[in-house]
4 protein chains.
Amino acid sequence: MTTGRRGRARSEQARHAILTATATLLAASGYEQLSVDRIATTAGVGKQTVYRWWPSKSAVIAECLLDGYVLSDLIEPAKSGDARSDVLSWLRALVDFLDDPKNAALFRALAAAASENREVSDRLYQRFSGPLHTSLVECLRAGVRTGRIRDDAPVRAVADVLIGAVLHRALAHIDIPLGTADGIVDALFSGIAVADREAHRSR
Amino acid sequence: MTTGRRGRARSEQARHAILTATATLLAASGYEQLSVDRIATTAGVGKQTVYRWWPSKSAVIAECLLDGYVLSDLIEPAKSGDARSDVLSWLRALVDFLDDPKNAALFRALAAAASENREVSDRLYQRFSGPLHTSLVECLRAGVRTGRIRDDAPVRAVADVLIGAVLHRALAHIDIPLGTADGIVDALFSGIAVADREAHRSR
Amino acid sequence: MTTGRRGRARSEQARHAILTATATLLAASGYEQLSVDRIATTAGVGKQTVYRWWPSKSAVIAECLLDGYVLSDLIEPAKSGDARSDVLSWLRALVDFLDDPKNAALFRALAAAASENREVSDRLYQRFSGPLHTSLVECLRAGVRTGRIRDDAPVRAVADVLIGAVLHRALAHIDIPLGTADGIVDALFSGIAVADREAHRSR
Amino acid sequence: MTTGRRGRARSEQARHAILTATATLLAASGYEQLSVDRIATTAGVGKQTVYRWWPSKSAVIAECLLDGYVLSDLIEPAKSGDARSDVLSWLRALVDFLDDPKNAALFRALAAAASENREVSDRLYQRFSGPLHTSLVECLRAGVRTGRIRDDAPVRAVADVLIGAVLHRALAHIDIPLGTADGIVDALFSGIAVADREAHRSR
DNA sequence: CTGTAATCGAGACGGTACGTCCTGTCTTGCG
DNA sequence: CGCAAGACAGGACGTACCGTCTCGATTACAG
């Protein structure tokens, strides 16, 4: 049984060195300063070896993301059963993470890459937004099961909203006050309308 | 009496040509493809004329934003008095706008520019997110005044959330179903919690 | 009894394909365009198979020369006994050969290879200039024996001159008029001096 | 009165630095080691400035030749009136020049460039072979006028022959014995045929 | 008939140079 | 002095080639 492919196999060592170098340089000097030349030199690799496997700088970053060379520990909501407090503490953790300018800069670099490049955005989504979305949806559905969340709640839209609110501020270079997290969760869970609540109460 | 400056005055024609060319190229080919050389050539202008008045490519984009060469017509919520329907129709209009791939591409190009450059993000905020945020906050406060929205509602956070949710999907190249707008508004106004509402009422 | 070597024998087919491909590419695109990669691909052979048997591109060309893959039919002077007409018709044939741009291009490619590489020039000499020189010298000496050529004629220098004159024009991309051959032979056989001949006689 | 051209004028300083660097590197390390990158770095010039004015490395060398950055002092025949001795001493000087391996290597490098590149060969001819050819032809025609050379001598072919003979040996990495020069001149002036001489003697 | 060893096509590897493009500055001559 | 034109130094891009190094698949002699 063979792979059917001939010739020298791809060097896992080179791949690792490239991704490591990319993550290191990205963290150290940012996206603007990142060049394929520098990646190759730092990794001790020929430039062609980079281009053989990735079509662009962005694609390398995308793979760094997918393989956990950057942002390795995904911040996920806990699952204590209390959906509201789970979501709240997740959101606070995220805001806290982005409070570090280093993390915010990396985050923006990734967003820039994603904006320009379909592949990066796909990978980014596949690795982060997607699982996070799923995770949040599950968290909310658990809340539905325990009777704390309306069973007709638009959980997917809510999950989008939670992620997007943070993204927006991060991209806009706007510092996110910790209170924001509380406000968001309050609004989403309790609602901001008066009339609606009355309507529901009348059941 | 003169301005005190001697020699030929700054050419308004050149300035206009540069900003127009920048907007056109940005919409057509994205941020990464944009170069000062190309801007100057397209505008029929010397490169130095660009650098004489703007310190960088980003600054030109920033001025494009400020002067309405891109995204000229800001989509603002109506002010019918019914905050909920005003917000809903605004959100639907925004989603509809981004449904056109051309608009989505321009949007992403701006996001990329903003991610990489503080100045662009400032101007973007100053011209769009800011006014929009203000506008939404006002809209929500009007709802408070008419008694349709809780007077302790975290209106600023809600405005953030509304903008961010759309941004997230646009950046991620995710098609936004029109129903999303309804879900978001529903969640924000009515809340998704069951027990919380009771708790709030009992206060 | 065997060769004593174990393992798979060298593939004569591969060797032939490589030399053929080299000759073809050299004639078609010149020395500068010739690469080992292209040779191997054209020959349907692994690159290592080239490097296993030849240390360099130049060495392959050298072997092409030695084995008659290029310039296989050496143009030699006839030996009718009349040295002057033998040399003349040889020179005319050579000029005629180089009149074909294809031949001239191959000729220049070989000259380029020889200029840059000692080995190629050695083989080129060993296979062509050398035998030609010898051949011409013999032809001239035959003329001496038949009494048509001075017995103190510097036959080696004359042979050099005959070859070099053509080479010069070919390398310089100068079209060689057929009359050139006649002029050269005339000059070499009859001499161009008037007084000198008297002087020689009186010695 | 103007040139009609706008924009910054070509920098003579840059041109000079490039040609100087090329000549220096060519003499120091040979044609193989010569790279545009190195030329630019050595000259303290952007690589684009090289490519703006010359299409290739060869073309730069060609201009070095034309402008006397290499081989600055063309070896020309003297004009004492005695054509035979003028030609002979010129040929001896040339052979002597090529006796230095450094000069021979440069000579071959130029020949290689000329073989591959039409433009180089044109310039080389324009600067060297051409003037030399003219010079030799004049020298020989002076000989005709003084009655030392036959008035029907094929002077152009003779000039070709004189240049080519040396070129041949230089390209082939063959050391040229000094005696060769004498042999060539002897053959060309006195002729090698016996019959011809007898015919002349019979007057 | 079964190793063992050298070959084969294929193709990835670390490097070097290529020729192009872009940035931000500088220099022309015209208006 | 502004302007269009365009050359300048510098530096990254993505490609081509060099010569080396694995791969798995033959092939041929040795035991």
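Reminder, nothing fancy here: chain letters follow the sequence lines and each chain counts from 1. It should be emphasised that the depicted structure is a prediction, and the values quoted were computed from it without experimental measurement.
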If only side-chain N and O atoms of C:Trp53 are considered, is one of them under 4.0 Å from the OP1 or OP2 phosphate oxygen of E:dA6? no
Which nucleotide in the list F:dT15, E:dG19, E:dC8 gets nearest to the side chain of D:Val36? E:dG19
May I ask you to check whether D:Tyr125 and C:His173 place their ring centres under 6.0 Å from each other? no
May I have the distance from A:Leu34 (atom CG) to F:dG11 (atom C1'), rounded to whole angstrom? 15 Å
Protein-nucleotide distance (B:Arg10, atom CZ; F:dG2, atom C1'), rounded to Å: 11 Å
Whole-Å distance separating the CD atom of D:Gln13 from the P atom of E:dC26: 15 Å
Within 45° cone and under 6.0 Å: C:Arg123 NZ/CZ vs C:Trp54 ring: no
Look at the side chain of B:Arg8 against the base of F:dC3 and say whether a donor-acceptor pair falls under 3.5 Å; ignore hydrogens and angles. no
Nearest whole Å is fine: how far is E:dC22 C1' from B:Gln33 CD? 12 Å
Between B:Tyr51 (OH) and F:dG6 (P), how many Å, whole number? 18 Å
Check whether B:Lys57 reaches the backbone of B:Ser35 with its side chain - one donor and one acceptor, N or O, closer than 3.5 Å. no
According to a strict under-4.0 Å criterion, is A:Thr49 in side-chain N/O contact with OP1 or OP2 of E:dG14? yes
Separation of C:Asp37 atom CG from E:dG15 atom P, in whole Å? 19 Å
Using the side-chain heavy atoms of B:Ala14, tell me which of these nucleotides is nearest: F:dA4, E:dG14, F:dC18. F:dA4
Looking at F:dC17, I'd like to know if its phosphate oxygens (OP1 or OP2) sit under 4.0 Å from a side-chain N or O belonging to C:Arg38. yes
Which nucleotide sits closest to the side chain of C:Gln48: F:dC21, E:dG15, E:dC26? F:dC21
What residue among C:Leu26, C:Ile61, C:Thr20 forms side-chain contact (heavy atoms from CB on, under 4.5 Å) with C:Tyr69? C:Thr20
Using heavy atoms to find the nearest nucleotide of DNA chain E for C:Gly7 and A:Ala40 separately, return the residue whose nucleotide is more 5′. C:Gly7
Nucleotide E:dT27, atom P - distance to CD of D:Glu12 in whole Å: 16 Å
How long is the line joining CD of C:Glu32 and P of E:dC18, in whole Å? 11 Å
Got a donor-acceptor pair under 3.5 Å from the side chain of A:Lys47 to the base of E:dG14? no
For E:dC30, does OP1 or OP2 lie under 4.0 Å from any side-chain N or O of D:Arg6? no
Salt-bridge present (C:Asp67, C:Arg15; N to O < 4.0 Å): yes
Would you classify B:Arg52 as touching base, sugar-phosphate or nothing, given that sugar-phosphate means primed atoms plus P, OP1 and OP2, and contacts are heavy atoms under 4.0 Å? base
